[in-house]
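Down below is the structure, laid out as structure tokens.
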Amino acid sequence: MERIYIKDLKDHAGEEVVIKGFVDTLRDQNKIVFIILRDITGKIQNVVLKDCEDFDLAKDLTEESVIEIKGLVKEEKQAPGGFEIETKKIVLLSSAAPELPIPVNTRKGGEETNITSRLDYRFIDLRKPEKANIFKAWTAFERGMRNYFEKNNFIQVYTPSFMNTSSETGAEVFEVSYFERKAYLAQSPQFYKQMAIASGLEKVFISGPVFRAEESFTTRHMTEFTGWDFEIGFINDHHDLMKSEEEMIKTGFEKIKEDLPELDIEIPQIPFPKITIKEAKEKLEAAGVKGEKEHDLSPEEERRICEIIKTETGNDFVFITDYDISIRPFYHMRHENNPQLTKSADLLYKGIEITTLAQREHRPEILEKQAVEKKMDLNLLSKYLEFFKYGCPPHGGGGIGPSRLFMKMFGYDNVREVTFLPRDVNRLEP
Ligand code: ATP
């Protein structure tokens, strides 16, 4: 008999079925054993009566063991979900040791175990349905974005993680031994996606690993994380990029709503509010929030400006635009009418930066000039600068950090909570 998912049991009332999953809860009431079985789609109560051939097996089960149950689906008003299963047969597929290193089911009271222990036993931590929901939502979101990319003629490319030079901005990169020489792990697919534009692919997207060798111990930084990147050719300016990004994000939210209605996710309104960094600073000042940097937002300022915008517009998202050249890389294009400002933006969501985007400088002589101004080594950049010498459309793009997006969407306070297996300064396992 084919196994069915617990969520589909309602369509099988009165039928005999096979279900499989983990023993979520056991209640032994002497002449009757209740097994709450959990699979990836839900939970169901199974009643094992004394006359069931596997009654003794049911009595000996341990929570979190993996079993198969054959039984009759019955409507039962008293049971959670309105259905239960009258158990006919139980097969023990894998037995769980009676003591779990961390609890799955916290119903017996108490808080969740601390994050370090939970990450050490991530495979047990993730058995909690609310944790699985994060990854279901992430998958649905990517399905939505993929629809957006398909409708809008994007092409997916896969960029390498090994690099010959230490990447764009000279930021901290991991050095690895690469046969007889050294290689570096890409801290951004930035240059490669620009190369895709020079290749004539026009619109590209990437989902892949990004490495940062920064000794950060914050709740928003990891040493390896998934990056979603996009790059678009033939744009007019960074406003085209913001428009694309808000549409792709909205499509992601819509797909979660459609595929996982039980999560009750709110779809954001587009267009997202947009304010310049100058306006943001003015609003913060008016609210009595002082920042250390004239041209950039501190984490506290990011949090406060999101609160202010939320109150003003009701939106959880806000683009902060037109950053000063002093805090932007050499390749960001500058405004014609104010060369001190870049055609760039950061997207903030519920108090945290989730994206940096910008129109890139595609005119080789200006790009080179800006690189010299920023004291970049032109020899190291020579291959990059070449992309623009043989015809390259005006273009721009951005990188989204999905872990920050899902952290905020699910109300967690640490990106590690929404990362399958996080990597940071201290953690290289599991
Ligand atoms: P921050 O200023 O917060 O360190 P960044 O400016 O270095 O971030 P970008 O290089 O613009 O970030 O990367 C694009 C996006 O990737 C960021 O907006 C963020 O969402 C995400 N991101 C950046 N660094 C990390 C990290 N160490 N861990 C997790 N996500 C990150």
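Just so you know, ligand 1 is whichever comes first in the structure, and atom 1 is the first atom listed for that ligand.
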Can you tell me which residue and heavy atom of the protein come closest to [atom], and the distance to 0.1 Å?
{"atom": "atom 20 (O) of ligand 1", "answer": "I354 O, 3.1 Å"}
{"atom": "atom 11 (O) of ligand 1", "answer": "T356 OG1, 3.0 Å"}
{"atom": "atom 6 (O) of ligand 1", "answer": "E353 OE2, 3.6 Å"}
{"atom": "atom 27 (N) of ligand 1", "answer": "M222 O, 2.9 Å"}
{"atom": "atom 14 (C) of ligand 1", "answer": "G399 O, 3.5 Å"}
{"atom": "atom 4 (O) of ligand 1", "answer": "H221 NE2, 2.7 Å"}
{"atom": "atom 13 (O) of ligand 1", "answer": "R212 NH2, 3.7 Å"}

Parallel under 30°, tilted from 30 to 60°, perpendicular over 60°: which one fits the rings of [X] and [Y]?
{"X": "F149", "Y": "F205", "result": "parallel"}
{"X": "F406", "Y": "W228", "result": "perpendicular"}
{"X": "Y384", "Y": "F330", "result": "perpendicular"}
{"X": "F154", "Y": "Y148", "result": "tilted"}
{"X": "Y349", "Y": "F317", "result": "parallel"}

- With a cut-off of 4.0 Å, which atoms of ligand 1 are near a heavy atom of T355?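 Listed by number with element: 18 (O).
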- Are D346 and T356 close enough that a side-chain donor and a side-chain acceptor fall under 3.5 Å?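 Present: a donor and an acceptor within the cut-off.
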- Item | Exceeds 12 heavy-atom contacts within 6.0 angstrom, atom NZ of K350 |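 Yes, NZ of K350 has more than 12 neighbouring heavy atoms, counting only those of other groups under 6.0 Å.
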- Can you find an N/O atom of F225 closer than 3.5 Å to an N/O atom of ligand 1?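 No.
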- Message: Would R404 count as being in polar contact with ligand 1, using the rule that some N or O on each side must be under 3.5 angstrom apart?
- Response: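 Min N/O separation from ligand 1 is below 3.5 Å for R404.
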